[in-house]
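Only one structure is covered here, and it is reproduced in the block below.
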Amino acid sequence: MADTHCYLPIEPCTILQVEAWDKTLPAFEAELSRQLGAKLPAAVGETESLGGWAIIRVAPRRFWLVANEKARLSCSIEPELGSQLWLSEGRLRLRLSGPHTFDILRACVAIDWQAEEAKPGRAVQTSFHHVPVVVMRTAEDACDLLVPRSFAQSLGEWVAEVAAPFVTGQGLIVGAAPHLPAGILSP
Amino acid sequence: MSSQVRRLASGGRIDRSQPFEFKFDGRSLAGYRGDTLASALLANGVTLTGRSFKYHRPRGIFSAGPEEPNALVTAGMGSRREPNLAATTLELSDGLVAESQNRWPSLAFDLQGVNSLFAPFLTAGFYYKTFMGPTRRAWMFYEHFIRKAAGLGKAGIEPDPDHYEVRHAFADVAVVGAGPAGLSAACAAAKAGARVTLIEQDFLLGGQLLGERPESAAAAWLREIEAELQGLGNVTTMTRTAAFGVYDGNVLGLVERCADQGANGGARQALTILRSRAIVFAAGAIERPLVFPNNDRPGVMLASAARTYLNRFAVLPGRKVVVATTNDGGWRTAFDLAAAGAEVEVADLRAEPAPGLQAEAARLGIAGRTGTQIAGLKGGHAVKAARLTGSGKETEIACDLVCVSGGWSPTVHLTSQLGVKPVYRDAIDGFVPGKLPAGQFGAGSMMGGSATKDAIEQGHRAGIEAASYCGKSVAVPAPAPLDLGETAAAPFRQPSSFGRGKAFVDFQMDVTTADIALAHREGYESVEHLKRYTTLGMGSDQGKTSNFAALSAMGALRNATIPATGTTTFRPPYTPVAIGALAGRAVGHHFKPVRRTPINDWHVANGAEMLEVGLWMRPFYYRASGRDVSEAYVAEMRTVRTTAGLMDISTLGKIDVQGPDAAIFLDRVYANGFAKQPVGRARYGVMLRDDGIVFDDGTTTRLAEHRFFMTTSTAKAADVMSRLEFLLDTVWPDLRVAVTSVTDEWAAMSVAGPRSREILAAAFPDLDVSNDALPHMGLSESEFDGRALRIIRLSYSGERAYEVYVGASAGEAVWRRLVEAGAPFGLKPYGVEALGALRVERGHVAGPEIDGRTTLNDLGLGRMVAKRSGYVGEVLSRRPAFEAPDRQRLVGLECIEEGKRLRGGAILFQPDEKMEGHGRGRVTSITFSPELGRYVGLALLAGGAASEGNEIIAVHPIKAETVRARVVSPVFLDPKGERLLG
Amino acid sequence: MARYSAFTLFRNALSGHKNWPRAWRAAEPKPSYDVVIIGGGGHGLATAFYLAENHGIRNVAVIEKGYIGGGNVGRNTTVIRSNYLLDGNTQFYEFSMKLWEGMTQALNFNVMFSQRGQLVTAHSADQLDVFAHRANIMRLNGIDADILDREDVRRLTPYLDFSETARFPIHGAIFQGRAGTARHDAVAWGYARAADGHGVAIIQNCEVTGFIRDGERIVGVETTKGRIGAGKTGMAVAGHTSVLGSKAGLELPIESHVLQAFVTEPLKPLVDHVVAYGADHFYVSQSDKGGLVFGGNLDGYNSYAQRGNLGVVREVAEAAIALMPSMSRLRILRHWGGVMDMTPDASPIICPTPIEGLYLNGGWCYGGFKATPASGWCFAHTIATGKPHPLVARYGLDRFRAGSMIDEAGAGPFAWLQ
Amino acid sequence: MLRIECPCCGPRDHDEFRYGGDASVVRPAHDDPDPEAWYRYVYVRKNPAGPHREFWQHVMGCRQWLVVERDTRNHAISSVVLARRSA
Ligand SMILES: Cc1cc2nc3c(=O)[nH]c(=O)nc-3n(C[C@H](O)[C@H](O)[C@H](O)COP(=O)(O)OP(=O)(O)OC[C@H]3O[C@@H](n4cnc5c(N)ncnc54)[C@H](O)[C@@H]3O)c2cc1C
Ligand SMILES: NC(=O)c1ccc[n+]([C@@H]2O[C@H](COP(=O)([O-])OP(=O)(O)OC[C@H]3O[C@@H](n4cnc5c(N)ncnc54)[C@H](O)[C@@H]3O)[C@@H](O)[C@H]2O)c1
Ligand SMILES: Cc1cc2nc3c(=O)[nH]c(=O)nc-3n(C[C@H](O)[C@H](O)[C@H](O)COP(=O)(O)O)c2cc1C
Ligand SMILES: [Zn+2]
């Protein structure tokens, strides 16, 4: 049952974090969705998409705007309302897709992919071998792993080794492992 | 296959089209796919399989499952060798190589068999009473031989060539056991709409039904329900998978022997961590042996096991058989053996067994005796005859197999692991699970039943209840019925024999009734004392067949009831689990994830000797700097002091602190003040723990009115981050502050040395890095190739220095840029050893001084907090003991002996005093100072600065060194800090 | 008390071992005793023994809620060492080591004290310096200690991971030759038998449920077998110190946490020393029965359930293989947990309490087995004289108010990190 | 294996969380100068065998500090709330 549709490109990942203060949350949300011209995900883990961006609520008062391709976006939050911070350098995106996506993931993270919280369109923050990662379920059989840059090679190799049995000699994942550092340093 | 003298011509669940060859103790034998090693050995007429733990008595195959106490073998060779495997659960594979254990030189002739002669002395706990002299260390002499004698299999020391997988799984309903109860439970739960995982340790589904004849109704029922389960989309069936443990939160630990056993790159075993909302336990029951003299001889076998070998494996385990039983079940074995052509006698302890049984026995020509029990055996390496006593007379019957059945013990192991004590049930004279917590259910013989019919109904009900517990309650049709007509007669226990001849209770640990009697006599009468004094139930089978017999024997001696006697504690794992399976992939270099800076590859490519620092890889030193570290770090220091050095400091913890109340927040978390810190300025800060001990230090730069950039030590980054969040979430929720770890956002490098400014200027021509534009503790923010570039003028080394921060993806580019621009000025990279040495010369405290026991005053930082209050840790930092006059405080040391050196870890004494005890302090960090031409160091010394100028002795007994040193200020160079400024 | 010896063993063998007496009498409570010791663990039993042996106080009862030795003494991994760094600890644990060296003879019960040596691996030059500091302190206090380099370690324990793929390569180790293990149950039974020989009453299956007061003073205990008067009362209940202490109104700096332990199936001799991993939480030794006995880190949250969680089981397994790759194929036969009395500095508490008549012995964390004889010796002295024995003078309750903690790890007031 | 139901992220293995100890102790105001109050906060613990209010932080998830009520005898968790909402 070897299968070649398993890819593991490692890409940079543009992220803007915005966060409200405890008391200003409603005003902050109103202002943010006005600036973005989009509605905001209601609960932690839910996402909304706008243009090339995904809006994720990563904590009760904290949102991540994650760009799918290198994209800019303007949005400015007054200190009185909340805070804002670019996080585009610290994380890399591992794209997993194909029928074996979850055969691979079950050896990486303890997430129930049939649960509400992990349905397509959800973002799951969890632990991958002691490292905090965000797993964005982008489709039925596709996930993006946002991993801290300093751990990306180590975790990438882990994924590659898990995936090996599912991928024919040609399969990209197997080949990818040794080249990961390159992929990471010059994305 | 000719060698298979005991294999029947037809029948069984073996695949005769797939013959296997295997070796046992060097002999080549033959078997089939579908055999276990045990069934194959029996088929080949091999009945002697091992020697016992203590007395080295010959032992054979006793059971047909994981309860096997005797037939433990070592399988595999070289680095794949694996000791103490139960032959009864070891699936036969082609080319399998197995050996018997605990015998020398050979199984048939075992020298330590002589232990049997010493048996009178080797009673329970004999070793507590002797081996005490002549000298105090006598035990060390005897232990050597005791250890050799003890132990079963021999383990290899080579690393394991195979690999293992850990899988995370989830289910609504987990069903443990795939006998009739488990099968119908899984079926019902699935039909009710639940997501089901069915777990079976055997490689076939069916449980006890596999012991029924292949052409029986049971076999048909089995085929049917297996097909049905396959049809259901929401059932995952895991065979070869033992549920070894139940943990909090309905989490099951499952270990699977992968079918291909590690072939073609696959894992050898897989650990599945199954998080289920409900669990149905249908783990069945284990048959009990009878306790009579020499009951451990090869050829004595559990009745249900004999039946399993006959019907499942098409092996005739004996030609002349005596079945000794206390219940109806034993008769069923007799019937099947007789039908297969064996000559069978039944000895039933009971006066009148179910009437139908004797009729059937007569029909099959089986001599059935009632009111008769087995009293002993003849034969050494194999059973020769059985002694039966009944209604006064004693008869001896020649035989080659003795089947025993002392009733059944429900498999309460798993349900008890979470602390639910099993409860005694008269109706079965045994223990059943205690009151199970919400979400756990039980079914089948595990709950005390013995009829298949009931097992199926209970399983069905449990499946439905479990599903509805998960909110799944689609109506489910009744299960296909199956009635094997088992008659559950009143239980009847054969009293254990305490008479002459060894009557074994725990075969694997060689515990006899005499040992139990002795334990009782000496007051080890609690079952837990009994266990620990005799080692009863402490073998790899965990006493699955012996526990009940043991506590009923102890009960008898104490004349206490069974419930009053109680059971020992059940613990995971249910069956032994390979440590490799638990670790999965987290072995070798994956033991802990490796953390790399954005500049890592440059270091490796440019001859850095890399060093593990926590999870990080950091340059220790660069080989170009010297032959070894001690040469290299000094050269690298010199470069920094004379021209300039470049250091990768990306591992520093970095935290973005924002918000209108950020300054107030920092003013509280740092011991020294931050409220009035000007924008565009950096400041050194120290944090205390709540108990007033120094927690961590670092620098924080005010980027804007409401925005700060904090750095922490590499080691404490995560702790500091979490602590800040704790204070904001739980203590000062009203403060409008956001903290975010940006450690991975930034590549960071330090350019340090007299020429550092020129180098920066050359590297970034369009930046003004002049002293006015960028003074000491100043900040410059700009961009590099679209990424933020942040230069903060900070010095750790004491030289003019700059910390350059840039978006991580541009880290290597900026590093290269600095290397090129710096080359003409003599810039060289330096590693952590030099970094540490430079800070020592500068008198900066770090890990060795901030050791979780030192205060601000101890570290000479007290003045920073003079007349401040209201910061974390303040109040307890003023405790009396912290101010004691002999408190050990930071000083500098200068080696004043030619040709000698200081060493970290040396203990300090005054020249005149006796060198013993704990001394007056210790050397915490040292370095050779190229500038001073001698070794200098930091130390914690009683009295601290007060003793500056005094001479002191640094003693290092391990190196047999004593060195004279002078106490000086910890700042060795440039006390006024002129090098930093200007 | 019938003596144990090779000769008596032989003589009894001839009579089929029918004539061995009970190791200790099954005592039922009297109305009162001079001293009541609560807790039939190693420390409680040792205390009772030394009260009689050293101070002639024989009208003593040890009250145990379950069976003696059923607590931590019966479930610990039995590592005995005296490699402590800090003033106070160093001397106390070495005194204990000396008592261990004579225990079998003192009790006439073979506790199988095996001085096989313990090594802790070091994984960097800095860590070796830290170990050198400890070793120097040991030597200066008359305790044997050595620092080994990588090759020494390889010679001693060739089965550790010296390969290329080792995540944290071994640089060396600290070694104490006199360290080792003992047969834990035998320690409890040996003290019980010897104390019983001095007339001490050992009362099992009797839980102390409260204290009897006469004004400010504690004059006895309420138990499931009725009230028992006591001239002085000593608590030695380890993991249950807080629960029992609260019944006397004591406020204590103690948290109860679970530590797990593991044993493999019995093997022929494989690991000849006690080996501890300096890069993570793992240590192992081989019992005389043949099982590899090992453990790791605390489960990390307050608990009175004597069992651990699967997450920590896996972490311990990972560390085991990281240090000793061949353990991968060995199989765990049983794992269990114990409830430990953790203090904010990981050092014990032995002292008279603010409540008259009540004495406290606790806070042993994961290191109290090795302390058993010294703890009993010093606690007996403290109870007999009403003043702390000099060796435990630093182990007072007041040290936290004063700021004189004895924090070997420097982990600070977070019990679960100690 | 405890399973802690994070109010933000749902049920997770406890090793995604960082333990924060007893949540019932009262922390003095940051400028409270009373040593006794701080001593009690830092050192004195009820350490009950029974229900226990304790802090956990979901470090591998939403990073929120939580207050969990858990029985120390059997590890059964009866409630989990955000620390910010627990007061
Ligand atoms: C897994 C594990 C590994 C360990 N490893 C080591 C090691 O390698 N080296 C080492 O030195 N130490 C080790 N320890 C620590 C050591 O076991 C303990 O510190 C020490 O045994 C505690 O002293 P004790 O024997 O008196 O405690 P215990 O044996 O626990 O005795 C306390 C007794 O008090 C009884 N009790 C409690 N409440 C009451 C009551 N109300 N009434 C009556 N009786 C009561 C209990 O039932 C118990 O029997 C380990 C501990 C554990 C759990
Ligand atoms: N003859 C008698 O007196 C008697 C007594 C008891 C039971 N029985 C027979 O036993 C059957 C009872 O049915 P049942 O389903 O309750 O029991 P069962 O023994 O048929 O099935 C139990 C199954 O659970 C599996 N199992 C046990 N522990 C496990 C674990 N930890 N992990 C994975 N698998 C595990 C076993 O391998 C077995 O396949 C009936 O057929 C009944 O006739 C007969
Ligand atoms: C040093 C030591 C060695 C042990 N060896 C074994 C063993 O070989 N076999 C076994 O079944 N249990 C062994 N145990 C574990 C005990 O069976 C028991 O689990 C432990 O003492 C805790 O008691 P409990 O499980 O009854 O709560 C050992 C325990 C210790 C402390
Ligand atoms: Zn969360």
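Labels below follow one simple rule: chain letters A, B, ... track the order of the sequence lines, proteins then strands, and each chain is numbered from 1. All values below were derived from every heavy atom in this structure, side-chain atoms included, with hydrogens, water molecules and symmetry-related copies excluded.
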### Query
Top residue by heavy-atom pair count (under 4.5 Å) with chain B, among C:Arg314, C:Arg399, C:Glu164?
C:Arg314
### Task
Using non-hydrogen atoms and a 4.5 Å limit, figure out which bit of B:Ser540 sits close to chain C: side chain, backbone, both or neither.
both
### Task
Mind checking the NZ-NZ spacing from C:Lys268 to B:Lys148? Nearest 0.5 Å is all I need.
10.5 Å
### Message
Less than 4.5 Å to any heavy atom of chain C: does that hold for the side chain of B:Ala149, its backbone, both, or neither?
### Response
backbone
### Message
Which atoms of B:Leu876 are under 4.5 Å from chain C, going by heavy atoms: the side chain, the backbone, both sets, or neither?
### Response
neither
### Message
At a 4.5 Å cut-off on heavy atoms, which part of B:Met132 comes close to chain C: side chain, backbone, both, or neither?
### Response
both
### Task
Determine whether B:Val955 and C:Asn136 make a side-chain contact, defined as any pair of heavy atoms from C-beta on separated by less than 4.5 Å.
no
### Query
Angle class for the B:Tyr128/C:Trp189 ring planes (parallel below 30°, perpendicular above 60°, tilted otherwise)?
perpendicular
### Message
Counting only non-hydrogen atoms closer than 4.5 Å, does B:Leu418 touch chain C with its backbone (N, CA, C, O), its side chain (CB onward), both, or neither?
### Response
both
### Task
Using non-hydrogen atoms and a 4.5 Å limit, figure out which bit of B:Gln417 sits close to chain C: side chain, backbone, both or neither.
backbone
### Query
Using non-hydrogen atoms only, which part of C:Gln105 is less than 4.5 Å away from chain B: side chain, backbone, both, or neither?
side chain
### Task
From the options B:Thr575, B:Ile579, B:Val577, B:Leu85, select the one residue that forms a side-chain contact (heavy atoms from CB on, under 4.5 Å) with C:Arg331.
B:Leu85
### Task
Under 4.5 Å heavy-atom distance to chain C, tell me which part of B:Glu158 shows up: side chain, backbone, both or neither.
backbone
### Query
Which bit of B:Arg137 comes within less than 4.5 Å of chain C, counting heavy atoms only: side chain, backbone, both or neither?
side chain
### Task
Nearest 0.5 Å please: distance from the CD atom of B:Glu522 over to the CH2 atom of C:Trp24.
9.5 Å
### Message
Between C:Arg167 (side chain only) and B:Lys592 (backbone N and O only), is there a donor and an acceptor less than 3.5 Å apart?
### Response
yes
#### Entry: Contacts of type side chain to side chain contact (heavy atoms under 4.5 Å, CB included), residue C:Leu128, not counting sequence neighbours
C:Ala122, C:Ile147, C:His171
### Message
Using heavy-atom distances under 4.5 Å, tell me whether B:Ser79 contacts chain C through its side chain, its backbone, both, or neither.
### Response
backbone
### Task
Please look at B:Asn84 and chain C and tell me whether the side chain, the backbone, both or neither of the residue comes under 4.5 angstrom of a heavy atom of that chain.
both
### Query
Is the backbone N or O of B:Thr130 less than 3.5 Å from a side-chain atom of C:Asn110, with the two atoms forming a donor-acceptor pair by type?
yes
### Task
Measure B:Tyr247 against the heavy atoms of chain C and call it side chain, backbone, both or neither at under 4.5 Å.
side chain
### Task
Please round to the nearest 0.5 Å and tell me the distance separating atom NE2 of B:His144 and atom OG of C:Ser114.
12.0 Å
### Query
Is chain C contacted by the side chain of B:Phe118, its backbone, both, or neither, given a heavy-atom distance below 4.5 Å?
neither
#### Entry: Donor-acceptor contact below 3.5 Å, side chain C:Arg329 vs main chain B:Pro161
no
### Task
Please look at B:Thr74 and chain C and tell me whether the side chain, the backbone, both or neither of the residue comes under 4.5 angstrom of a heavy atom of that chain.
neither
### Query
How long is the gap from CD1 on B:Ile907 to CG on C:Asn141, to the nearest 0.5 Å?
9.5 Å
Could you pull out every donor-acceptor pair under 3.5 Å between side chains of residues 404-414 of chain C and any protein atom, sequence neighbours left out?
unit_1	atom_1	unit_2	atom_2	d
C:Asp407	OD1	C:Ala409	N	3.3
C:Asp407	OD1	C:Gly410	N	2.6
C:Asp407	OD1	C:Ala411	N	3.3
C:Asp407	OD1	C:Gln418	NE2	3.2
C:Asp407	OD2	C:Ala411	N	3.4
C:Asp407	OD2	C:Gly412	N	2.9
C:Asp407	OD2	C:Gln418	NE2	3.3
C:Glu408	OE1	C:Leu85	N	3.1
C:Glu408	OE1	C:Arg134	NH1	3.4
C:Glu408	OE2	C:Leu85	N	3.1
C:Glu408	OE2	C:Leu86	N	2.9
C:Glu408	OE2	C:Asn89	ND2	3.1

### Message
Quick one: does any side-chain atom of C:Lys289 pair with a main-chain N or O of B:Met538 as donor and acceptor, under 3.5 Å?
### Response
yes
## Note on the structure
dist B:Tyr524:OH -> C:Ile68:CD1 (nearest 0.5 Å) comes out at 8.0 Å
### Message
At a 4.5 Å cut-off on heavy atoms, which part of B:Arg922 comes close to chain C: side chain, backbone, both, or neither?
### Response
side chain
### Query
If you measure from CZ on B:Phe131 to CG on C:Leu9, what distance do you get to the nearest 0.5 Å?
8.5 Å
